[in-house]
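Here is the structure we will look at.
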Number of protein chains: 2
Amino acid sequence: MRIGELSSRSGVPVPTIKFYVREGLLPAGRLTSPNQASYDSGHERRLRLIRALLDVGGLSLAAIGDVLRVVEDPEQPVHKVLGIAAKRLTPLQGGESGPELEDARDEVAELLERRGWRAGADGPAGESLAEVVVALRRAGHGGFVELLDDYAAAAETVARADLDYVGRRVAREDLVESVVVGTVLGEAMFGALRRLAQADASARAYDGDRGRGGSIGPGDGSGKGGAGDEGNGSGKGAEVPRVDG
Amino acid sequence: MRIGELSSRSGVPVPTIKFYVREGLLPAGRLTSPNQASYDSGHERRLRLIRALLDVGGLSLAAIGDVLRVVEDPEQPVHKVLGIAAKRLTPLQGGESGPELEDARDEVAELLERRGWRAGADGPAGESLAEVVVALRRAGHGGFVELLDDYAAAAETVARADLDYVGRRVAREDLVESVVVGTVLGEAMFGALRRLAQADASARAYDGDRGRGGSIGPGDGSGKGGAGDEGNGSGKGAEVPRVDG
DNA sequence: GCTATCCGATAGTGGAACTATCTATGATGG
DNA sequence: CCATCATAGATAGTTCCACTATCGGATAGC
């Protein structure tokens with residue numbers, strides 16, 4: 001197919017496709033003559049992936065380029081792909097350090113220890129988590145950090161599902177792409193679900209319906225000590241706000 | 001304090017502070033003379049919040065402005081705040097529609113029904129989820145959609161923790177700010193944890209250590225019960241990749 | 001008085017993601 | 001075979017965003 005058809009099938013304007021080729025995100029078409037090139041379904045697929053990572057995943061073109069280059073390179077060990085995807089996903093690149101960050105790093109290490117996770121606290125993800133903790137404290141919401149264990153429990157559920165999905169892949173390129181898609185688009189998917197679940201939880205609370213058995217009312221409240229003071233003073237009407245999904 | 005001190009305490013350059021004031025993100029200092037203004041700890045706190053939402057949360061200044069304006073306006077019903085936070089968080093603003101999107105919306109509605117969530121499938125979060133589903137399919141990863149229920153279970157855990165945190169707030173402004181911080185920074189926190197959990201899960205798989213009782217964490221496997229379904233059917237696919245955390 | 005700091009305003013910067021325009025060449029249909 | 005159209009490749013321009021620089025005048029504090 002020619003570039004015009006590729007454009008209409010993917011919904012990406014022709015100049016933008018050319019731009020992506022220039023930027024090295026998309027391989028050039030196969031030249032059939034000095035001014036004619038043909039593109040195949042691989043190009044179309046690649047283009048859809050780029051748009052998904054860009055529009056839904058919120059990655060920058062530079063980050064997408066890094067990821068795609070690793071996906072394409074069969075030399076690269078698979079475990080590096082996610083490292084890059086993870087790194088480019090975090091908008092932080094290490095601001096100031098200081099004792100706060102040191103403390104946060106220690107806390108992250110403790111969390112990993114506590115949960116028995118075999119993951120380095122010093123990798124990009126651990127570092128990123130430490131920075132989030134610092135940011136929360138700096139913004140005056142250090143209390144939110146108490147939710148770490150609850151969040152970690154949920155993260156285990158999701159990671160299990162992710163790996164299950166990825167584990168079904170056979171071909172290397174498929175596998176790597178699955179990891180990327182799962183990480184990037186999975187984040188968007190979870191974010192949307194989380195807001196829906198918040199809407200539900202607050203609807204229940206608002207209707208005075210919470211704590212009722214299985215579903216979603218605040219259950220036993222938190223793993224770690226401290227986060228779980230269920231009864232919040234109360235008495236003052238509908239304390240927990242209704243939230244729009 | 002004067003602007004210089006505010007700058008050094010917050011780590012934000014003076015011209016940037018002025019810029020934020022111009023943009024309406026930060027109230028101007030109280031003028032003590034035609035060319036002298038004084039700032040207080042409220043300004044400092046606001047400044048830290050802006051930087052946290054910007055750097056860690058990845059919100060645009062425009063989005064932060066919208067959120068802050070609602071936070072400040074006591075007229076606004078609380079439930080609208082999260083609606084705005086959620087809307088500004090999704091980088092999508094409704095591309096093409098079409099039958100794919102229709103189908104995805106139906107699926108989202110079914111999911112909500114299945115889980116008994118009291119949340120509108122037609123709100124921003126539901127719409128956003130539908131768009132993610134479409135994007136996954138378009139990118140050739142429709143299979144990932146099968147993980148929706150696992151993801152939803154995890155989202156329930158997180159939403160419960162979020163509401164628990166928010167529920168402890170008393171003052172309205174505190175409450176609203178907690179909702180925003182929890183939604184925005186919580187997303188970053190969960191993302192980092194998820195990557196750590198992925199690293200752990202794949203380390204276990206890589207070491208031939210998987211399938212051990214279906215639990216991925218330490219013995220207790222997390223505090224709360226809600227996230228439920230402990231053993232998902234992993235066990236297929238030997239070559240789960242090692243992933244760098 | 002002198003210098004450092006400040007206020008407010010205008011203008012400029014650099015990066016990101018395109019978009020427009022141009023030339024030369026080849027494809028396509030009647 | 002000729003008019004029209006799409007295409008490759010190249011360069012330059014655009015828009016938005018988040019700042020950053022500079023300036024003129026005023027004041028603080030010594």
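Since the structure is predicted, the reported quantities are computational estimates derived from the model, not experimental observations. The chains referred to below are lettered A, B, ... by the order of the sequence lines, with proteins before strands, and numbering in each begins at 1.
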Checklist entry - Which part of the nucleic acid does B:A37 contact within heavy-atom distance under 4.0 Å: base, sugar-phosphate only, or nothing? => result sugar-phosphate

Item to check | Residue met sooner reading DNA chain C from 5', once B:E5 and B:R22 are mapped to nucleotides | outcome: B:E5

Checklist entry - What's the CD-C1' distance between A:Q36 and C:dA24, to the nearest Å? => result 13 Å

Item to check | Atom pair distance, as rounded to whole Å: CZ in B:R30 and P in C:dC7 | outcome: 12 Å

Next on the checklist: Using heavy-atom distances to pick each residue's nearest nucleotide on DNA chain D, tell me which of B:L61 and B:K18 is more 5'.
Outcome noted: B:L61

Item to check | Flag side-chain contact, heavy atom, 4.5 Å: B:R195 against A:S128 | outcome: yes

Next on the checklist: Can you see if the side chain of A:Y20 gets near the phosphate of C:dC18 - specifically, an N or O under 4.0 Å from OP1 or OP2?
Outcome noted: yes

Checklist outcome for this item: To the nearest angstrom, the CD-C1' distance between A:E23 and C:dC18 comes to 10 Å

Checklist entry - Strictly by modelled atom types, are B:D150 and A:Y165 linked by a side-chain donor-acceptor pair under 3.5 Å? => result no

Checklist entry - Side-chain contact, heavy-atom cut-off 4.5 Å: B:R194 with A:E187? => result yes

Next on the checklist: Need to verify one output field. Residue with the more 5' nearest nucleotide on DNA chain C, A:P15 or B:S38?
Outcome noted: B:S38

Checklist entry - Rounded to the nearest Å, what distance is computed from the CG atom of residue A:D66 to the P atom of nucleotide C:dA16? => result 12 Å

Next on the checklist: Under 4.0 Å from OP1 or OP2 of D:dA18: is there any side-chain N or O of B:T16 that close?
Outcome noted: no

Item to check | Options C:dA27, D:dG25, C:dT19, nucleotide nearest the side-chain atoms of B:N35 | outcome: D:dG25

Checklist entry - Within this structure, what is the CD1-to-C1' distance between B:I64 and D:dA18, rounded to whole angstrom? => result 11 Å

Next on the checklist: Students often get this wrong, so: under 4.0 angstrom with heavy atoms, is B:R2 touching a base, only sugar-phosphate, or nothing?
Outcome noted: sugar-phosphate

Checklist entry - D:dA8 C1' sits how many Å from A:F19 CZ, rounded? => result 17 Å

Checklist entry - Considering heavy-atom distances to DNA chain D, does A:Y39 or B:P34 have its closest nucleotide positioned more toward the 5' end? => result A:Y39

Checklist outcome for this item: From CD1 of A:I3 across to C1' of D:dC5 the rounded distance in Å is 15 Å

Checklist entry - What is the ring orientation for B:F190 with A:F190, classed by angle as parallel under 30°, tilted 30 to 60°, or perpendicular over 60°? => result parallel

Item to check | Nucleotide C:dC6, atom C1' - distance to CE of B:M1 in whole Å | outcome: 16 Å

Next on the checklist: Looking only at the side chains, is there a donor atom on one of B:Y20 and B:R51 sitting less than 3.5 Å from an acceptor on the other?
Outcome noted: yes

